[in-house]
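What follows is a short report on a single structure.
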Amino acid sequence: MAHVTVTLPDGSSRSVPVGTPVAEVAAGISNRLAKAALAASVDDRLVDLTYPLTADARVRLITPDSPEALQIYRHSTAHLLAAAVTSLFPGTQCGIGPATDDGFFYDFVVERPFVPEDLERIEAKMREMAKADLPFERQHWPRDEARQFFAGRGEPLKVQLIEEKTEGQPEVSCYTIKDRDTFVDFCVGPHVPSTGRLKGFRLLTTSNAYWKGDARNQPMQRVYGTAFFSEGELAAHLARIEEAKKRDHRRLGRDLGLFLFHPWAPGAAFWLAKGTRLYNDLAQYMREVLYPAGYVEVKTPLVFNKALWETSGHWGHYRENMFLVDSSDGEPMGVKAMNCPGHMLVFASEVRSYRDLPLRLHEQTALHRNEASGVLSGLTRVRQFSQDDAHCFVTEEQIASEVEALLKLVQRVYGDFGLPFTAKLSTRPEQFMGEIATWDHAEAALAEALERAGQPYTINAGDGAFYGPKIDFDITDAIGRKWQCATIQLDYQMPERFDLKYIGPDNAEHRPVVIHRAIFGSFERFIAILIEHFAGAFPLWIAPVQTVVLPIADRHLEYARTVAADLEAAGLRVEVDGRQEKIGYKIREAQLQKIPYMLVAGDREAAEGTVAVRSRSGGDLGARPVTEFVRAALDEVTTRGGTTVAGAAAAVAERA
RNA sequence: GCCGAUGUAGCUCAGUCGGUAGAGCGCGUCCUUGGUAAGGACGAGGUCACCGGUUCAAUCCCGGUCAUCGGCUCCA
């Protein structure tokens, strides 16, 4: 019998008869591997364990530890869901059911929307089918036969998928799960060998979706679920969802008196006293970072003539997202949705020399974008917001060094907030403007800057903006969620549209390049992230109220006010809780407001010029002279104590 | 914008199978002056989101509007 040679990841190889399923290769290595294997990678293609080896190949078994494993496992769980649904609700049409970042979903066409009780029934059916350990069987069908089969079953969506995905192929693959009925799904796979492998899953919610995500198409019911290899990991994930709910900035924003929303201004926050404090402090922090880095701050108009937006190109592409207002002469004007066009006008307002470059314009004024009503959400998706926006006008040659400086700013700012982050370089998309040589040069400049700044990054090929490549940053918060905040985008188009020029050393006109960049992104969104990251327990240096003085009895109120005045004079943000309540009550309130330090003032303290310090996270620290506390607190502010991820985790551990 | 759900006191929520409503917390007054996470008594708060319809009667049923929440990106 003919043999093929299998090469394993460790470089070793072995010879097996032609047609041997990869599962047997696993069995030949070890029992443990055979039991753990879910699928395999053959010459970098993911396949089932039943896949027969017909040629020499590199083979890697996929086990729960493999990077691809969870995705396969979740996709199989989605199939199990579909099998359960079609079994319980005959006549249901299936759409698609992919794995997602933290679970899976499957879309169905059903008679009536699912209710929570349906989910319970479906999940119970899934467990029953998992317990029965039914095999996922792969079949190869002639394409026409498959089309007829699904058409005959009243599954036109599957027919459509077959037509779109397998054009020109003689055969298509389907997977079956045989229960009382046989569930058949058109699917490229791979899948785990049998339903018995699926354990830690849970259905979460249902929602509406459309076929192919297009509202003009067939409405469908989407069932979301999540799945992990073990019950323990599943429980941890569900706990994380609960934790995220507790940290929801919309709830904390109200509880902590930071901001509110009103139905009469949808998508626009009212910043209350404490929230404004935080907002302004962040704005000031950013100025203190940017001014020494050579930025100048400007304020440009909020409302512009149509001509500006026509020149920038936004009138054609972005108008439906802009608020338009009438002017006295009847011409519509656009409320600004971004600062760049205004900054182009600032640049163009003078003759610029190469000696003036880089010119860095920073702006924090409000922007408005008319987001669809259904997408508004807390501070993370709003209609009115401000960015820590800036545009750097540079020469072609300055790109790399300017971006390197920017990367260092990003590293510094996220470091100050204790937020870990990753960078990704997005390169030329299929639809792009300009010359390929220019793009190549720009991408090389960005890569060079990343290397020089010592910034690890991944490449997101083809994901750049049509006007230039970019670097995006994802920060990871205290409970592991990723948020895209900072961005650095090269733009060759906007200078072109506004016919920007500078005079070079050769005394000729040249076109500058614009770098759009933001580090926080928007103040609104960044504050939302900070609230959720710190669970509302801000480190001292950004806490809107840093200390509260708690007099024990009325006779200590005067002393408490003296203490507060001292703290305030030292630059600390302080309140006095002079209400006629017991000290335990005041402490409880201060803890719930997540105020970093509580200073108890009674007879002993008033007599000795001390305060009894209680820390939000560390409890009673004992009496200390006021001056000593001030010194320690100011030191903590300067060093940004409590900002690290570990500090945030400690804050979480505090009683909620 | 689309689909679904929700909207009752400042907050969290009960409730009314159609007869205009309640709790806890918070708030106010009084008593209490208390030493590290809730002292006590009394009291004030509601056009039951808004507009319209059905009805003798609507917070409840019907229609519309607004807002909020979950989705609407994940492509065998």
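Everything numeric in this text was worked out from a predicted model, so none of it was measured. The sequence lines fix the lettering, A, B, ..., with proteins before strands; numbering per chain opens at 1.
For A/Lys582, taking side-chain heavy atoms from C-beta onward, the closest of the listed nucleotides B/rC75, B/rA37, B/rG39 is B/rG39. Side-chain proximity of A/Tyr224 to B/rC72, B/rA76, B/rG34: nearest is B/rC72. Taking the side chain of A/Gln591 as heavy atoms from C-beta on, and the options B/rA37, B/rC69, B/rG35, the nearest nucleotide is B/rA37. You'll find that the side chain of A/Val600 is closest to B/rU36, out of B/rG34, B/rU36, B/rG1. With B/rA76, B/rG71, B/rG34 as the choices, the nucleotide that has an atom nearest any side-chain atom of A/Ser173 turns out to be B/rA76. Minimum atom distance to the side chain of A/Thr100 is reached by B/rC74, of the listed B/rC74, B/rC11, B/rG35.
Seen from the ring of A/Phe104, A/Arg74 does not count as a face-on cation partner, given the 6.0 Å and 45° thresholds.
Using a 4.0 Å heavy-atom distance criterion, A/Gln593 is classed as making no nucleic acid contact. Nucleic acid contact for A/Gly103: none, since no nucleic acid atom lies under 4.0 Å from a heavy atom of the residue. Using a 4.0 Å heavy-atom cutoff across all strands shown, A/Leu376 reaches sugar-phosphate atoms only and no base atom. Among the heavy atoms of the strands lying under 4.0 Å from A/Ile96 are primed sugar atoms or P, OP1, OP2 only; no base atom is included. A/Ala590 comes within 4.0 angstrom of nothing in the nucleic acid, heavy atoms only.
The aromatic rings of A/His262 and A/Phe270 are tilted relative to each other, their planes meeting at an angle between 30° and 60°.
Side chain A/Glu605 to base B/rG35: a donor-acceptor pair is found below 3.5 Å.
Taking 4.0 angstrom as the limit, A/Arg579 places a side-chain polar atom (N or O) nearer than this to OP1 or OP2 of B/rC27. Between A/Tyr585 and B/rG26 there is a side-chain N or O to OP1 or OP2 distance below 4.0 Å.
The ring pair (Phe, Tyr, Trp, His ring centres under 6.0 Å) with A/Trp271 is formed by just one residue from the set A/Phe259, A/Phe261, A/Phe385; it is A/Phe259.
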(request) Assess whether side-chain hydrogen bond (donor to acceptor under 3.5 Å, both in side chains) is satisfied between A/Asp603 and A/His556, documenting all intermediate values. (result) CA-CA 7 Å; A/Asp603 288 332; A/His556 309 121; 2.6 Å; yes

